[in-house]
Amino acid sequence: MSESKVRVRFAPSPTGPLHIGGVRTALYNYLFARNHGGKVILRIEDTDRNRYVPGAEEYIIESLAWCGIIFDEDSRKGGPYGPYRQSERRFMYRDYAIQLVKSGHAYYAFDSAEELDKMRSRLKSAEEHLTQYGPFTRMEMQNSLSLPAEEVKRRLDAGDPYVIRIRIPENETVRVNDLIRGEVLVQSNSLDDKVLYKSDGWPTYHLANIVDDHLMEITHVIRGEEWLPSAPLHVLLYRYLGWEKEMPQFAHLPLLLKPEGNGKLSKRDGDRLGFPVFPLQWKDPKSGEISSGYRESGYFPEAFVNMLALLGWNPGTEQEIFSKEELISQFSLERVGKHGSKFDPEKAKWFNHQYLTSKNDEELAGYLSEYLNSNGVTSSQNTLLKVIALIRERANLLPDLWNNSRFFFIPPDQYDEKVFHKIWKPETSALLKDFLSQVANIDVWEEDSLQGFIHTFIESHSAKMGQLMNPLRLLIVGTNMGPGIIDIALVIGKEEFLRRVSTGLEKLNYGK
RNA sequence: GGCCCGUUCGUCUAGGGGUUAGGACGUCAGGUUUUCAUCCUGGUAACAGCGGUUCGAUUCCGCUACGGGCUACCA
């Protein structure tokens, strides 16, 4: 198999939004394929119609597109191996299940849900090790192995509901060769006779997945570690279907874990811990509940992807910031770790800060103007650029651009109480009144003149810089944060500056 | 419970039979600043435990502990 024929697939189930673990799996598939000059396929595995969520497929495609993960073949654009939605391939699977029955590697089973429950609870209470429907229990159940042939035929003809189960062999060692974990050996006796074909006429994941991967000529199956336990079953299926020579190589990725506590990252963790778990905002169609997304929180897709790429993979150098091209050229499965990673929201912010500060002022001004528009504020491009230059270094996420600059455009409507009590001394009001009357006389509103004036003023009042500047900031900004006061004064202009000082003095005096 | 996978600073990780066990995030301290950030400098902090193999193990092997996954007519 030459490298140029690499074909990988990302095969999500449209049961809800994709969380960052799924995005990472898709990303690694994408990077692997591009690195090898191969193809990435998106296949929608919608064989469980009970769990189908409207809008989920669109969400998945849109999310991955936002991340820059473009598929060569998918359910929208099609391709030579389509269709790419299993619901549209539904008619294809049954024949393979029947083929397995005929070759003796699968069988019909008629047990009801109640009977299955009974068997499992009986085996559990009997302290049996094997509580599964498998080599040691199947003869006690209702199936084409345990029942007389005429009875089986009668039930089938009568239209009794049935499933098709794989017939797991006894006393065999099944070998799975995993690109990340090496050789994994499993005793067949610990496997169970998984259902391949459901009584509703749909295949299960196991059957559909193997059939499609084979038909679509997938060369590498890169998926989450939760699939490792069923990989031996899949190996057996390839063998029994006669496809073992073309069987894809497996790579089971370690899982993303919760930032705190135990367990794998789940959909509920995000908003509980104050960070998004989804790439895009998601509104649950049933409950109407909204979950936040990275895009809406103000992350750049490149930063998000960079962060995700490094969560479980590293190139072995100390480089941390990667363009997409660098990720593609440097990615390899060999350098994917074996253990799960806890997701760190703080580091995610740091990544975004790196990307944000690498943008030029014009681009950032563009983002800021969007916030201005949605807040009904207008400003000149010139002013926008000046503001950006002053605040760019202090922003992590896009909304910080606005949150750290709104006082340039809107006067404070309240003054931080804590800051007031901390910096406002008995003599402050008098000092500022004096300052206000003198600063009004400045003709040239420029850096040098303001600087000079303030120094002279400070000296003549034998005050310290902070005694003047901190209260001044409170009046101009409303709190104790932001760029230099002179910088702000120059941007908002003399008139606005004087207005804020005087109204501030009034409000604070009458308020106290 | 059973089966499978894993375990280096709080977190993401590099490394690998003999290293001052490296980097990043966080955190702490100092510097810069009129403030808050940014930024700069420095510090803190790890080989899960026990046995083996070996002149020597954090690195190889085994066991234990711990963590994770799976154990559906879900994927």
Side-chain angles (χ1 to χ4, degrees), chain A residues 11-15 45-48 50-51 109 111-113 116-117 120 124 127-133 161-165 176 178 180-181 184-187 189-192 194-206 208-209 223-232 252 254-255 257 259-260 262-264 307 310-320 335 337-351 353 357 391-396 400 404 419 422-423 454 458 464-474 477 479-486:
Chain A
S13 184
T15 54
E45 308 223 327
D46 53 351
T47 55
D48 182 355
N50 296 318
R51 294 205 308 154
D111 317 274
S112 68
L116 290 171
D117 282 348
R120 293 193 179 106
K124 224 166 210 171
E127 291 180 1
E128 286 280 346
H129 289 298
L130 301 163
T131 60
Q132 301 141 325
Y133 201 125
Y162 67 88
V163 299
I164 295 176
R165 289 178 179 273
V176 178
D178 189 278
I180 291 172
R181 279 147 227 291
V184 177
L185 301 175
V186 178
Q187 296 308 312
N189 293 355
S190 71
L191 267 23
D192 61 345
K194 279 270 183 286
V195 171
L196 302 178
Y197 193 79
K198 299 184 269 186
S199 59
D200 62 4
W202 291 73
T204 60
Y205 170 88
H206 304 294
N209 189 265
R223 72 223 308 189
E225 194 183 5
E226 70 266 28
W227 293 109
L228 190 53
S230 48
H252 289 95
L255 267 17
L257 274 17
E260 24 184 272
N262 302 325
K264 72 169 170 178
M307 178 271 294
L310 251 33
L311 214 48
W313 169 85
N314 77 83
T317 65
E318 283 174 2
Q319 182 179 356
E320 291 204 277
R335 293 205 63 88
K338 292 177 168 61
H339 60 272
S341 309
K342 286 189 177 182
F343 173 70
D344 181 3
E346 285 304 315
K347 186 121 193 198
K349 282 186 200 155
W350 176 82
F351 271 109
H353 182 250
T357 52
I391 61 157
R392 51 176 301 142
E393 287 298 329
R394 47 219 311 146
N396 289 324
D400 295 341
N404 293 336
V419 176
K422 191 178 170 192
I423 63 167
I454 286 171
I458 293 291
K464 286 184 180 166
M465 206 55 139
Q467 289 177 290
L468 171 69
M469 297 307 246
N470 289 332
L472 207 45
R473 172 179 300 280
L474 185 63
V477 176
T479 184
N480 63 336
M481 297 191 298
I485 286 297
I486 293 177

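All values derive from a computational prediction rather than experimental measurement. Quick note on labels: first sequence line is chain A, next is B, and so on, each numbered from 1.
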Nucleotide B:A24, atom P - distance to CZ of A:Phe343 in whole Å: 20 Å

Partners passing side chain to side chain donor-acceptor pair (under 3.5 Å) against A:Tyr162 (at least two apart in sequence or in another chain): A:Arg94

A:Leu311 side, atom CG; A:Asn314 side, atom CG - distance, nearest 0.5 Å: 11.5 Å

B:A75 versus B:G68 - spacing of their P atoms, nearest Å: 25 Å

Geometric class of the A:Tyr205/A:Trp227 ring pair [parallel <30°, tilted 30-60°, perpendicular >60°]: parallel

Identity of whatever pairs with B:A57 - Watson-Crick or G-U, under 3.5 angstrom: none

OP1 or OP2 of B:A14 under 4.0 Å from side-chain N/O of A:Asn314: yes

5' priority, RNA chain B, between A:Leu228 and A:Thr317 [closest heavy atom]: A:Leu228

Annotated protein contacts, base or backbone, on nucleotides 38-43 of chain B with a non-hydrogen cut-off under 4.0 Å, one of B, S, - each: SS----

Touch class at under 4.0 angstrom, heavy-atom based, for A:Leu310 against every strand present: sugar-phosphate

Pairs: protein N or O with nucleotides 73-75 of chain B N or O, under 3.5 Å:
{"unit_1": "B:C73", "atom_1": "OP2", "unit_2": "A:Arg120", "atom_2": "NH2", "d": "3.4"}
{"unit_1": "B:C73", "atom_1": "OP2", "unit_2": "A:Arg165", "atom_2": "NH2", "d": "3.4"}
{"unit_1": "B:C73", "atom_1": "O2", "unit_2": "A:Ser199", "atom_2": "N", "d": "2.8"}
{"unit_1": "B:C73", "atom_1": "O2", "unit_2": "A:Ser199", "atom_2": "OG", "d": "2.6"}
{"unit_1": "B:C73", "atom_1": "N3", "unit_2": "A:Ser199", "atom_2": "OG", "d": "2.9"}
{"unit_1": "B:C73", "atom_1": "N4", "unit_2": "A:Asp111", "atom_2": "O", "d": "3.1"}
{"unit_1": "B:C74", "atom_1": "OP2", "unit_2": "A:Lys198", "atom_2": "NZ", "d": "3.3"}
{"unit_1": "B:C74", "atom_1": "O2'", "unit_2": "A:Asp48", "atom_2": "OD2", "d": "2.7"}
{"unit_1": "B:C74", "atom_1": "O2'", "unit_2": "A:Arg51", "atom_2": "NE", "d": "3.2"}
{"unit_1": "B:C74", "atom_1": "O2'", "unit_2": "A:Arg51", "atom_2": "NH2", "d": "3.1"}
{"unit_1": "B:C74", "atom_1": "O2", "unit_2": "A:Arg51", "atom_2": "NH1", "d": "3.3"}
{"unit_1": "B:C74", "atom_1": "O2", "unit_2": "A:Arg51", "atom_2": "NH2", "d": "3.1"}
{"unit_1": "B:A75", "atom_1": "OP1", "unit_2": "A:Thr47", "atom_2": "OG1", "d": "2.9"}
{"unit_1": "B:A75", "atom_1": "OP1", "unit_2": "A:Lys198", "atom_2": "NZ", "d": "3.0"}
{"unit_1": "B:A75", "atom_1": "OP2", "unit_2": "A:Tyr205", "atom_2": "N", "d": "3.1"}
{"unit_1": "B:A75", "atom_1": "O3'", "unit_2": "A:Glu45", "atom_2": "OE1", "d": "3.4"}

A:His252 and A:Arg181 side chains, donor-acceptor separation under 3.5 Å: no

Strand partner of B:U27, provided both Watson-Crick or wobble distances fall under 3.5 Å: B:G43

Gap separating the NE2 atom of A:His339 from the CG atom of A:Leu257, nearest 0.5 angstrom: 9.5 Å

B:G67: pairing nucleotide in any strand, Watson-Crick or G-U under 3.5 angstrom: B:C5

Per A:Val184 side chain, nearest of listed nucleotides B:U11, B:C5, B:A14: B:C5

Watson-Crick or G-U counterpart of B:G62, or none if no pair lies under 3.5 Å: B:C50

SB check A:Lys347 A:Glu320 (cutoff 4.0 Å): yes

A:Lys347 NZ to B:U13 P, straight-line distance once rounded to whole Å: 10 Å

Partner nucleotide, any strand, of B:C74 [Watson-Crick/G-U, under 3.5 Å]: none

Salt-bridge present (A:Asp344, A:Lys342; N to O < 4.0 Å): no

side-chain N/O A:His339 vs B:C12 OP1/OP2, d < 4.0 Å: no

Atom-to-atom span, CD of A:Glu225 to C1' of B:C4 - whole angstrom: 9 Å

Sugar-phosphate only, base, or nothing, as touched by A:Pro483 at under 4.0 Å among non-hydrogen atoms: base

Sugar-phosphate, base or nothing in reach of A:Met465, heavy atoms under 4.0 Å: sugar-phosphate

5'-most by nearest nucleotide on RNA chain B - A:Pro229 or A:Arg335: A:Arg335

Nearest listed nucleotide, side chain of A:Lys338, among B:A14, B:G6, B:U35: B:G6

Residue pair A:Arg473 / A:Asn480, side-chain donor-acceptor N/O under 3.5 Å: no

Length of the OH-P vector between A:Tyr133 and B:U71, whole Å: 18 Å

Residue A:Met481, side-chain heavy atoms: nucleotide from B:C36, B:C4, B:G10 that is nearest: B:C36

Sugar-phosphate, base or nothing in reach of A:Gly312, heavy atoms under 4.0 Å: sugar-phosphate

